[in-house]
Amino acid sequence: MTDSNTTSEKPWGGRFSEPTDAFVERFTASVGFDQRLYHHDITGSIAHATMLAEVGVLTAEEKAQIIEGLEAVKADIEAGEFQWSVSLEDVHMNVEARLTDRIGVTGKKLHTGRSRNDQVATDIRLYLRDEIDVIAEELQRLRAGLLDLAEREADTIMPGFTHLQTAQPVTFGHHLLAWYEMLVRDAERLLDCRKRVNVMPLGAAALAGTTYPIDRSITARLLGFDRPTENSLDSVSDRDFAIEFCSFAALLMTHLSRFSEELVLWTSAQFDFIDLPDRFCTGSSIMPQKKNPDVPELVRGKTGRVNGHLISLLTLMKGQPLAYNKDNQEDKEPLFDTVDTVKGCLKAYADMVPAIVAKADNMREAARKGFSTATDLADYLVKKGVPFRDAHEIVGKAVAFGVAESRDLSEMTLAELQKFSDIIAEDVFEVLTLEGSVQARDHLGGTAPDQVRAAVARARQQLG
């Protein structure tokens with residue numbers, strides 16, 4: 001047993017009679033991945049030291065020494081001159097140990113009134129808040145690019161699909177605005193999540209608060225938090241905010257994956273609806289004709305890892321008793337990878353979407369196939385007094401005739417159409433054109449080109 005006066009290498013080693021096993025030391029260390037929190041850790045420590053000085057726990061001179069020392073440590077890290085130590089376990093103890101090396105015993109006073117439990121919870125919130133702001137900007141850039149493309153393609157007719165079968169004519173601009181609506185909801189979820197991220201756990205200490213006369217409102221104000229957390233037990237053990245962010249990310253990535261699937265289909269020779277610039281594609285090592293849509297394919301593939309991270313965090317938290325447990329160390333890698341993946345995918349899409357080129361002739365030709373104006377013919381009959389179910393049957397028979405003759409409804413003669421209903425007149429051909437079909441849906445949320453342009457204008461106003 002060690003003498004009570006022996007100084008342990010570990011900051012918590014006073015209670016232990018033997019050193020940590022070398023494997024266990026590596027196994028339990030988090031510094032390999034949590035060192036990315038150094039900036040937020042130092043920022044939080046500066047605010048903590050400032051508050052301790054204001055309430056009289058530290059002197060003004062001690063506060064100044066600590067802040068100067070922390071700034072120097074940050075400079076060392078950013079200059080690549082900082083040696084991270086696994087034996088010091090995590091980013092927090094590495095920073096504190098270097099601070100103490102620089103300024104002596106005063107550095108040991110920094111941890112007064114806090115624990116690594118509330119410290120790491122604060123660091124993650126500071127980190128995630130900053131990353132949310134970056135992601136929100138990229139999401140806005142993608143939305144703006146979609147609006148520009150939708151406006152440009154407001155008159156470009158394409159087939160709308162259900163069950164991946166031709167359904168009714170729409171415009172490419174209208175289709176793009178459907179993507180846009182998904183991203184609007186994503187942006188709202190992200191900003192709503194930010195509200196719950198932006199509360200401060202610092203001051204909860206290990207789990208029960210501290211006996212020092214701290215003022216958490218000072219620290220919260222210095223760090224830009226909306227308020228301190230209310231309950232010390234929940235403060236150190238809560239990871240709802242990380243799960244909520246990953247939930248947002250999983251939905252966003254699911255939307256991007258759906259976009260990707262359509263882009264992959266549309267760039268294929270079988271559809272040939274759009275062209276992606278070469279800089280977003282790659283070729284084949286053996287087939288010289290290939291131009292592969294790698295960016296959409298990768299985004300579609302990366303969705304799985306983000307969905308997996310959400311499940312990982314939910315599973316991590318589901319069996320934990322209050323308060324902090326070492327399990328929580330496993331929150332960082334899924335969260336960090338989710339942030340990195342979302343940022344990369346959004347950047348790729350925000351760069352790529354404005355450069356999409358629509359092949360309008362191919363889209364229009366595809367819309368002519370599959371009897372896409374059949375519903376328009378049924379609506380035409382209803383407006384002339386035919387009950388909808390009867391109109392549906394009449395048009396169904398006309399389509400069956402067209403299938404047998406390999407002709408679209410618009411290619412039939414008036415006499416042929418009148419075999420199915422004598423109500424049909426010469427004006428029927430106005431509703432059987434693709435342009436007439438999309439123009440007829442001239443209402444809020446409809447496919448008419450003017451409605452597409454109006455929707456773009458409203459969206460731009462909201463986007464700011």
Side-chain angles (χ1 to χ4, degrees), residues 7-14 29-131 133 198 200-206 209-225 228 236 332:
T7 301
S8 169
E9 181 183 347
K10 302 287 187 183
W12 42 259
S30 62
V31 69
F33 51 83
D34 70 11
Q35 60 185 258
R36 73 160 65 188
L37 295 174
Y38 78 87
H39 173 80
H40 303 92
D41 191 71
I42 290 172
T43 299
S45 290
I46 288 173
H48 181 66
T50 302
M51 180 275 294
L52 290 178
E54 290 199 26
V55 298
V57 174
L58 292 178
T59 67
E61 183 181 351
E62 287 171 331
K63 178 193 82 169
Q65 271 188 288
I66 287 171
I67 292 176
E68 184 179 349
L70 287 169
E71 294 286 5
V73 171
K74 182 168 73 171
D76 286 347
I77 294 172
E78 292 175 350
E81 297 172 357
F82 191 98
Q83 294 296 317
W84 297 97
S85 169
V86 171
S87 67
L88 289 170
E89 301 177 10
D90 55 34
V91 60
H92 324 293
M93 298 315 303
N94 269 266
V95 169
E96 185 179 322
R98 177 63 68 89
L99 174 68
T100 302
D101 287 345
R102 279 185 170 275
I103 68 173
V105 69
T106 303
K108 296 182 178 182
K109 296 184 177 184
L110 173 61
H111 208 54
T112 304
R114 73 176 182 185
S115 161
R116 280 189 295 177
N117 295 355
D118 62 338
Q119 187 178 357
V120 67
T122 302
D123 289 359
I124 297 173
R125 287 176 183 269
L126 288 170
Y127 161 81
L128 188 54
R129 185 181 68 186
D130 285 351
E131 295 295 349
D133 292 343
N198 202 35
M200 189 196 72
L202 198 61
T210 176
T211 58
Y212 295 96
I214 62 173
D215 187 337
R216 298 180 67 212
S217 64
I218 294 174
T219 325
R221 185 183 71 251
L222 290 171
L223 293 174
F225 284 110
V236 297
K332 295 171 194 63

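Bear in mind that the values here come from a model prediction, so they are computed numbers and not experimental data.
- Residues R114 and I214 have side chains not in contact (no heavy-atom distance under 4.5 Å, counting atoms from C-beta outward).
- For the side-chain contact (heavy atoms from CB on, under 4.5 Å) test with K109, the passing option among T59, L52, V57, L58 is L58; the others fail.
- Taking the side chain as every heavy atom from C-beta outward, Y38 and N94 never approach each other to under 4.5 Å.
- More than 12 heavy atoms of other shown residues, nucleotides or ligands fall within 6.0 angstrom of atom CD in E78.
- Rounding to the nearest 0.5 angstrom, the gap separating the OG1 atom in T112 from the CD atom in E62 is 8.5 Å.
- Classification of R102 and D76 as a salt-bridged pair holds, one side-chain N sitting under 4.0 Å from a carboxylate O.
- R216 forms no cation-pi arrangement with F225, by the criterion of a distance under 6.0 Å to the ring centre and an angle within 45° of the ring axis.
- The only member of D101, T106, T100 that meets side-chain contact (heavy atoms from CB on, under 4.5 Å) when paired with I103 is T106.
- In this structure, Q119 and S45 have side chains that are in contact, with non-hydrogen atoms separated by less than 4.5 Å.
- Put simply, the side chain of D118 gets close to the backbone of G203: a donor and an acceptor are under 3.5 Å apart.
- Side-chain contact check for T122 versus R125: every heavy-atom pair is 4.5 Å or farther apart.
- Under a cutoff of 6.0 Å and an axis angle of 45°, R98 and F82 form a cation-pi pair.
- In this structure the side chain of H48 reaches within 4.5 angstrom of the side chain of L202, judged on heavy atoms.
- Of all heavy-atom pairs spanning I66 and L110, the tightest one is CG2-CD1, 3.9 Å.
- Inter-residue side-chain proximity for H39 and K74 is flagged as met; some heavy-atom pair is nearer than 4.5 Å.
- K332 is not listed as a side-chain neighbour of R36, based on a closest heavy-atom distance of 4.5 Å or more.
- Without hydrogens or angle criteria, D133 side chain to D130 main chain gives no donor-acceptor distance under 3.5 Å.
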